[in-house]
Number of protein chains: 2
Amino acid sequence: MVRPKPDTDLLQFLKHVSLDCVVFGFHDNQLKILLTRIKNTELWALPGGFVRKEESLESAANRVLNERTGLDNIFLKPFNVFGDPGRSEKNPIANEIIISGVNNGLEWFNQRFISVGFYALVDFSKAVPSPDIFSDLCIWKNLNETSSLILDHNKILNSALETLRLQVNYQPLGYNLLPEKFTMPELQNLYETILGKDLDRRNFQRRMLSFKILNKLEERKTGGAHKAPFLYEFNLQNYRQALQNGLYGGW
Amino acid sequence: MVRPKPDTDLLQFLKHVSLDCVVFGFHDNQLKILLTRIKNTELWALPGGFVRKEESLESAANRVLNERTGLDNIFLKPFNVFGDPGRSEKNPIANEIIISGVNNGLEWFNQRFISVGFYALVDFSKAVPSPDIFSDLCIWKNLNETSSLILDHNKILNSALETLRLQVNYQPLGYNLLPEKFTMPELQNLYETILGKDLDRRNFQRRMLSFKILNKLEERKTGGAHKAPFLYEFNLQNYRQALQNGLYGGW
DNA sequence: TCAAAAGTGTTTGGTTTACACCCATGA
DNA sequence: TCATGGGTGTAAACCAAACACTTTTGA
């Protein structure tokens, strides 16, 4: 097997094209975003990368996310393109590049980039974040801790959030963001967090169950205070089917 | 004023990046798509183009569409990115390029392209289609006449259609696709065409009016057979407001 | 034993659906 | 004059919002 050249050989990538990933996870009743901290700085960025000359965009995104999370077969979708001239000017990574002496690094990062934004949904409990060669840290942040990212990454993040909200009835959010087994309150909390509003506990449950996309398990989630809630899992077959038409309704 | 260099100078554009436009119009109760026919062939393509080095993606799309339709301020949105390796191999335009002797043309068209797909909504009655330098014809086609486009343009078209259907409650489709004054049956027909199913005439009208986004005019549309229907126009202020939350409902 | 979370059920009111009826127009 | 399309109205079915009561649990 031929080992891929290391990422420091920038000539293997398409010029002018990059990708940025907004990786969503859910933990402690909070929507989390995966961020990297650029080496020798306090600056935060979305995980991103470039596209190899013989690689599809989706493969590139998968590769990048695999490197950042250790996961395979991540659920991801392109949601927008960011291509304003000047958007990638003064990229702080360029400084890091100079320091680490990557070949043609400065020239590369001074290009104008058209960046394809992907959003990804991952199981928080399974992801193992790890930084790339430009960063010294890669961790989950709460949404309210993402206020000043580099370049136009806040714009990209907001665009992803907007897409997530619009597609809440058309994408398998719960399936990808929650562990295999979860409780109804956890699922509700996820929806409340994404939609940014409270939902009635009883109506939510009735509605969710009416979709016939959940299997109720015998087990309950013990350990927490208060009454132990039942565990559910997704009925994948019915779920995919139901999403074809959208989980109709305006929450 | 400095005149822009002619399009035959390909070096003024970003490498590896292109854009393809799915332009929708509505006429004779049919959804129409703008297509170009490649010179010296019977091959049809979506209108497309490249991105100047100092130009935003949106400006590039606007420029291309202005050239193809004569219209300014066209409603357009990026809806997807198409970047599979090989998608732009064997581009039939390359032959045309050889014939017309464009500088570096063959090399240019043999690149791998990441193409940004835009969909546009235009008033059929106002657009004046005209071909680009690679085509000898630019005309409206019905959806059912678009079966074998070049490269992956059918895939792009289908993706645009899917987006249109998903966004039917969130985008000002009627406002951009219909003339200023239109009848309720025309509006209904537009929705039926996009959604691909029949709607009840009376319920459609009640619902549309309940959104408060239409001004009913005194005039009626005369000339057709049968009872003359009233004309309406959009109440732009209310329309924009209403679209913020989506025209709730599952048709 | 009590506050807080979770399971289950019911009432109510608005919305959507499925219709019926009348009017206008050109063939 | 009549078939067809358009304007207006209504009853029934359905669904979603609001709310009550009971059960379980750890502090």
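First the proteins, then the strands, lettered A, B, ... as listed; each starts at 1. Atom set for the values below is all heavy atoms of this structure, side chains included, hydrogens, waters and symmetry mates excluded.
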Apply salt bridge (charged side-chain N to carboxylate O under 4.0 Å, His left out) to the pair Arg87(B) and Asp20(B), showing each step before the final yes or no.
CA-CA 13 Å; Arg87(B) 66 167 288 277; Asp20(B) 289 298; 3.6 Å; yes

Give a yes or no on whether the backbone of Asn189(B) and the side-chain of Thr193(B) come within a donor-acceptor separation of less than 3.5 Å.
yes

What is the distance from CG of Asp198(A) to P of dA18(D), rounded to the nearest Å?
12 Å

Using atom CG of Leu187(A) as one end and atom P of dA5(C) as the other, report the distance to the nearest whole Å.
18 Å

Please give, in whole Å, the distance from dA18(D) P to Phe204(A) CZ?
16 Å

Just by distance, no angles: are the side chains of Tyr119(A) and Gln167(A) close enough, under 3.5 Å, to form a donor-acceptor pair?
yes

Could you tell me whether a side-chain N or O of His153(B) sits under 3.5 Å from a main-chain N or O of Leu46(B), the two making a donor and an acceptor?
yes

Between dG6(D) and Gln205(B), is there an OP1 or OP2 to side-chain N/O distance shorter than 4.0 Å?
no

Please state how far atom CZ in Phe211(A) lies from atom C1' in dA16(D), giving the value in whole angstrom units.
12 Å

Using side chain to side chain contact (heavy atoms under 4.5 Å, CB included) as the criterion, list what pairs up with Arg202(A), not counting sequence neighbours.
Asp200(A)

Could you state the atom-to-atom distance from CE of Met184(A) to P of dG7(C) in whole Å?
8 Å

5' to 3', nucleotides 19-27 of chain C under a 4.0 Å protein heavy-atom cut-off (B base, S sugar-phosphate only, - none) gives BB--BBBS-

Distance in angstrom units between Met208(A) CE and dA6(C) P, rounded:
16 Å

Taking any heavy-atom pair under 4.0 Å as a contact, classify Lys221(B): base, sugar-phosphate, or nothing.
nothing

Value in whole Å for how far the C1' atom of dT17(C) lies from CZ of Arg207(B)
11 Å

Would you confirm whether Arg37(A), through its side chain, and Glu42(A), through its main-chain N or O, come within 3.5 Å as a donor-acceptor pair?
no

Glu186(A) CD to dG7(C) C1', straight-line distance once rounded to whole Å
16 Å

